[in-house]
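In the text below, chain A, chain B and the rest are named by the order of the sequence lines, each starting its count at 1.
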2 protein chains.
Amino acid sequence: MQVETSLLNAQRPVLPIPPTSARRSAPSRAIAKDAEIFAEGDDAESFYRVVSGVVRTYKTLSDGRRQIDAFHLPGDFFGLESGDEHRFTAEAVGDVTVTAYRRCALEALAMQDTELAKQATAAMMRALERAQDHMLLLGRKCAVEKVASFLLGLAERMSRSGDIELPMSRIDVADHLGLTIETVSRSLTHLERAGVIALPAHRRSIQLRNRAALARLNS
Amino acid sequence: MQVETSLLNAQRPVLPIPPTSARRSAPSRAIAKDAEIFAEGDDAESFYRVVSGVVRTYKTLSDGRRQIDAFHLPGDFFGLESGDEHRFTAEAVGDVTVTAYRRCALEALAMQDTELAKQATAAMMRALERAQDHMLLLGRKCAVEKVASFLLGLAERMSRSGDIELPMSRIDVADHLGLTIETVSRSLTHLERAGVIALPAHRRSIQLRNRAALARLNS
DNA sequence: CGTTTGATTGAGATCTGTCAAATGTAGTGG
DNA sequence: CCACTACATTTGACAGATCTCAATCAAACG
């Protein structure tokens, strides 16, 4: 896990860091793999920004079915709420470092024209756009298309080469795409047999061999 | 219907809009059933608020598969974008009246502390929250659960009694829930046979007979 | 090494989609 | 008011995609 995390960070472009006025009151927090950052229903005292590692946010049904609405990479904000409770749970996918911002700070800052307020608003809009794209994926794409879209999106966000080091397990991928782990696995081998991707021995790494074919799958 | 549509498209070029200082005189636009308000890729010159009727916003894949991300009821905002293009298409479900706001107006107002800016921001947050709930529905609920959740949500938004008059066709419902019209129909009759809802002769009206049972279906 | 965990593969069941037909409703014109 | 049409919805039979359950395999770890 350590290895994967550092690889990921190495591939990421350097983060833009909020201005010092905001950073002064922004403590950095280290979180261990699979540890909870906040839970559905918790008071939304703070929101967060990923410094290193990956965070998943999800909702669950009463019988345990889970939908991961997003993975948050370094630089991404998460945990912004309109109400006073968190509406989903956030956990560390691997070892993670986050910056915490007091929520009241945002509301105070929102009135002003600060860099942090702008970034937070922009983050919300991006989250909405991603959610809209993801609804199309969940509602109308078949399994292979879902996996292809996911790989393309991840490559775009975390790698400029064609190599992806998946930060998350198959279960996480499945719960993000509305599939089971078996179907995710079968879709991957299907793409591999079609020569679109390669799956090296280390099963968390994936090479994109034919981006055009992948792109065709989520037109 | 064709005639009406083309008439509307003819008047689609943006109306002259008075300065934002006169918000009370924000122009009202009448739109005929199934006419387009804006399309994916259009310049996002304006955003809108529903005055009367219902609006659907959707994305499509290249082969025509469609995902309706939301239905907008009177009072709802839609068409707010972070970029300079609309990222989905908006159409009138029935006959509709909307208020149009110039986009630059919002950006100017965002700096200030106006009521409209606040409402627009709140609308965005609500849209995000709905999108997150809807991802759980699309990714992890079965057909009957999807229909039950949809009916409950609609009843909550547009009726305090247990009677719903569906504003949209089965096709629209299906494309919102990630199903086919046949499966929507079968789910409805299934709920009817279970005594949870009643389906009067007029097939667009639905009576909720057992809200507790419906609520149990989307826990 | 054995164990544990995660991932892949296989076989069969189930749910939803597809195609086709029947039914019902609204609308039209005689 | 009654055919008659057009359209939306429902229903049925079947196919196909994904899920479930189970076994195998591989890598990581003590």
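A:Asp175 places its CG atom 11 Å from the P atom of D:dC19, with the value rounded to the nearest Å. Rounded to an integer number of Å, the gap from A:His190 NE2 to D:dG16 C1' is 14 Å. Across the protein-nucleic acid pair, A:Glu145 atom CD and C:dG17 atom P stand 14 Å apart, rounded to whole Å. Distance, A:Ile197 CD1 to C:dT8 P: 9 Å, rounded to whole Å. Per the geometry, CD belonging to A:Glu182 stands 15 Å off C1' belonging to D:dC25, to the nearest Å. In this structure, the CG atom of A:Leu199 is 19 Å from the P atom of C:dG6, given to the nearest Å. What separates CD of B:Glu192 from C1' of C:dG24 is a distance of 14 Å, to the nearest Å. At whole-Å resolution of the value, CD1 in A:Ile181 and P in D:dT24 are 17 Å apart.
Here A:Asp43 does not pair with A:Arg103 in a salt bridge; the nearest charged N to carboxylate O distance is not below 4.0 Å. Checked for salt-bridge contact, A:Asp175 and A:Arg170 miss the test: no charged N lies under 4.0 Å from a carboxylate O. A salt bridge between B:Glu156 and B:Arg211 is absent, with no side-chain N of the basic residue lying under 4.0 Å from a carboxylate O of the acidic one.
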Could you walk me through whether A:Arg66 and A:Asp172 pass the salt bridge (charged side-chain N to carboxylate O under 4.0 Å, His left out) test, one step at a time? CA-CA 9 Å; A:Arg66 184 178 70 151; A:Asp172 282 348; 2.8 Å; yes
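An OP1 or OP2 oxygen of D:dT10 is reached within less than 4.0 angstrom by no side-chain nitrogen or oxygen of B:Arg186. Look at A:Arg203 and you'll find a side-chain N or O under 4.0 angstrom from OP1 or OP2 of C:dT8. Taking 4.0 angstrom as the limit, B:His202 places none of its side-chain polar atoms (N or O) nearer than this to OP1 or OP2 of D:dT9.
Put simply, the side chain of A:Asp76 gets close to the backbone of A:Leu73: a donor and an acceptor are under 3.5 Å apart. The backbone N or O of B:Gln67 lies less than 3.5 Å from no partner atom in the side chain of B:Lys59, so there is not a single donor-acceptor pair.
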Please write out each protein N/O paired with an N/O of nucleotides 14-16 of chain C under 3.5 Å, distance rounded to 0.1 Å.
residue, atom, partner, partner atom, Å
C:dT16, OP1, B:Ala143, N, 2.8

Can you pull every protein N or O that's under 3.5 Å from an N or O on nucleotides 1-8 of chain D?
none

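Taking the six-membered ring wherever Trp is involved, the centroid distance between the rings of A:Phe88 and A:Tyr58 does not fall below 6.0 Å.
With a 6.0 Å cutoff to the six-membered ring centre and a 45° limit on the axis angle, B:Arg56 does not count as a cation-pi contact of B:Phe71.
Looking only at atom types and distance, the side chain of A:Ser52 has a donor-acceptor partner in the side chain of A:Thr97 under 3.5 Å away.
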